Amino acid sequence: MRLLLIEDDQMISESLCTALRQSGYAVDVATNYQTGKMSLVNEKYDLVLLDLGLPDGSGLEILKDLRARREQVPVLIVTARDTLKDVITGLDHGADDYMIKPFALEELEARIRVLLRRNEGRASPVIIWGHIRLDPASHGLSIKGQSIILSGKEFSILHALMEKPGTVLSRQQLEEKIYGWNEEVESNTIEYHISQLRKKIGRDIIRNIRGVGYTLEKKA
């Protein structure tokens with residue numbers, strides 16, 4: 001899952017970025033209004049974490065512009081503005097949730113998971129495909145009741161494929177899902193992670209459509 005963090009406080013952005021990447025998210029960071037706005041025009045994200053007080057503009061204006069373009073990406077406001085009026089204004093202008101700094105990282109990640117699964121159109125916190133059960137909260141995977149340990153990147157790839165079963169995702173699309181701007185991506189990294197995944201979950205579950213990308217073959 002690829003997130004955009006729009007936050008001008010370097011200490012906060014670095015700590016959040018590190019924690020979220022450790023949880024398996026690809027995170028891009030914009031430290032000002034202009035970069036955040038242009039990132040949302042040029043890139044596709046699964047969720048946006050938006051601070052309101054930016055040095056060169058208002059985060060609320062980014063939100064207004066996003067919704068005016070009918071973009072449906074979930075937006076979670078993370079801000080120090082704590083009045084009831086601020087909360088209502090943010091939600092009424094299209095934010096999906098609102099958190100006041102300081103907050104517990106565990107709560108932030110739980111709210112992120114809620115918004116992501118709501119955007120995927122599912123109520124259950126666990127993603128199920130046949131005998132495969134994937135739990136984004138615990139990063140747990142089981143097949144026919146047997147637990148399997150995945151690396152962070154392996155989990156992210158399988159999550160992306162199970163999020164839209166039957167859809168073919170290209171190598172570039174998978175790279176965009178699991179790597180942020182400043183993360184180095186080697187030419188064969190997706191192929192390597194999928195090879196490792198197949199060793200753990202079975203070679204027939206992930207299908208390679210030559211020249212197009214990867215998809216789940218059938219319900220396991």
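What you see is a predicted model, and the numbers here were worked out from it, not measured in a lab. Hydrogens, waters and symmetry mates play no part in the numbers below; they use all other heavy atoms, side chains included.
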Exercise: identify the closest heavy-atom pair between Leu116 and Tyr25: CD1-CE2, 3.8 Å
With a 3.5 Å distance limit and no angle check, can you tell me whether Ser13 reaches the backbone of Gln10 through a side-chain donor-acceptor pair? yes
State whether the side chain of Asp46 and the backbone N or O of Arg2 hold a donor-acceptor pair below 3.5 Å, judged by distance alone. yes
Do you reckon Val29 sits in the same ILVMFWY cluster as Leu105, going by side-chain contacts under 4.5 Å, direct or chained? yes
Between Asn32 and Pro55, is there a donor-acceptor pair closer than 3.5 Å when you use the side chain of the first and the backbone of the second? no
Using side-chain contact (heavy atoms from CB on, under 4.5 Å), reason through Leu47 and Asn119 one step at a time and then give a plain yes or no. CA-CA 9 Å; Leu47 183 138; Asn119 197 50; over 6 Å; no
Minimum heavy-atom separation for Leu134 to Leu158, with atom names? CD1-CD2, 4.0 Å
Report whether Leu3 and Ile12 are members of the same hydrophobic cluster (ILVMFWY, side-chain heavy atoms less than 4.5 Å apart, transitive linking). yes
Is Leu91 reachable from Leu63 through a run of I, L, V, M, F, W or Y residues, each pair having side-chain heavy atoms under 4.5 Å apart? yes
Residue set satisfying side chain to side chain contact (heavy atoms under 4.5 Å, CB included) with Ile209, at least two apart, ordered chain then number -> Val168, Arg207, Val212, Thr215
For the residue pair Gln196 / Ser151, report whether a side-chain donor-acceptor contact shorter than 3.5 Å exists. no
For the pair Lys177 (side chain) and Ile157 (backbone), establish whether a donor and an acceptor sit closer than 3.5 Å, ignoring hydrogens and angles. no
Can you find a pair of side-chain heavy atoms, one from Ile190 and one from Lys153, that are under 4.5 Å apart? no
Does the pair Thr79 and Asp86 meet the rule for a side-chain contact (heavy atoms from CB on, under 4.5 Å), with working shown? CA-CA 10 Å; Thr79 181; Asp86 288 325; over 6 Å; no
Distance check, rounded to the nearest 0.5 Å: Met162 atom CE versus Arg133 atom CZ? 9.5 Å
Nearest 0.5 Å please: distance from the OG1 atom of Thr35 over to the CG atom of Leu40. 11.0 Å
Examine distances only and state if a side-chain atom of Glu61 and a backbone atom of Ser58 form a donor-acceptor pair shorter than 3.5 Å. no
Value for CG (Leu54) from CD (Gln34), rounded to nearest 0.5 Å, stands at 11.5 Å
Got a salt bridge between Asp96 and Arg67, using NZ or NE/NH1/NH2 to carboxylate O under 4.0 Å? yes
Would you say Leu150 and Tyr192 are hydrophobically clustered, going by side-chain heavy atoms of ILVMFWY under 4.5 Å? no
How far apart are the C-alpha atoms of Asn208 and Arg198, what are their side-chain angles, what is the distance that settles it, and do they pass the side-chain contact (heavy atoms from CB on, under 4.5 Å) test? CA-CA 11 Å; Asn208 179 13; Arg198 284 172 166 160; 3.8 Å; yes
From CZ (Arg81) to CG (Leu60), nearest 0.5 Å: 8.0 Å
Report yes or no: do Tyr45 and Val114 belong to one cluster of Ile/Leu/Val/Met/Phe/Trp/Tyr joined by side chain heavy-atom distances under 4.5 Å? no
ring-ring contact (aromatic ring centres under 6.0 Å, His included): which pairs involve residues 136-174, sequence neighbours left out? His139-Phe155
Check whether any side-chain heavy atom of Leu4 lies under 4.5 Å from a side-chain heavy atom of Val73, and answer yes or no. no
Whether the side chain of Ser195 engages the backbone of Glu191 through a donor-acceptor N/O pair (distance < 3.5 Å, no angle test) should be reported. no
Spacing of CZ belonging to Arg111 relative to CG belonging to Leu49, to within rounding of 0.5 Å: 12.0 Å
Has the side chain of Arg113 got a donor or acceptor atom that lies under 3.5 Å from a matching backbone atom of Pro125? no
Other residues, nucleotides, ligands: >12 heavy atoms within 6.0 Å of Lys64 NZ: yes
Closest non-hydrogen atoms of Leu169 and Ala160, given as atom of the first, atom of the second and distance, are CD1-O, 3.7 Å
pair Pro74-Arg118: side-chain heavy atoms closer than 4.5 Å: no
State the CZ-OG distance between Arg21 and Ser23, to the nearest 0.5 angstrom. 12.5 Å
From CA spacing to verdict: side-chain contact (heavy atoms from CB on, under 4.5 Å), Leu108, Leu16: CA-CA 10 Å; Leu108 175 67; Leu16 285 180; 3.6 Å; yes
Pairs in or reaching into residues 3-12: which pass salt bridge (charged side-chain N to carboxylate O under 4.0 Å, His left out), with residues at least two apart or in two chains? Glu7-Lys101
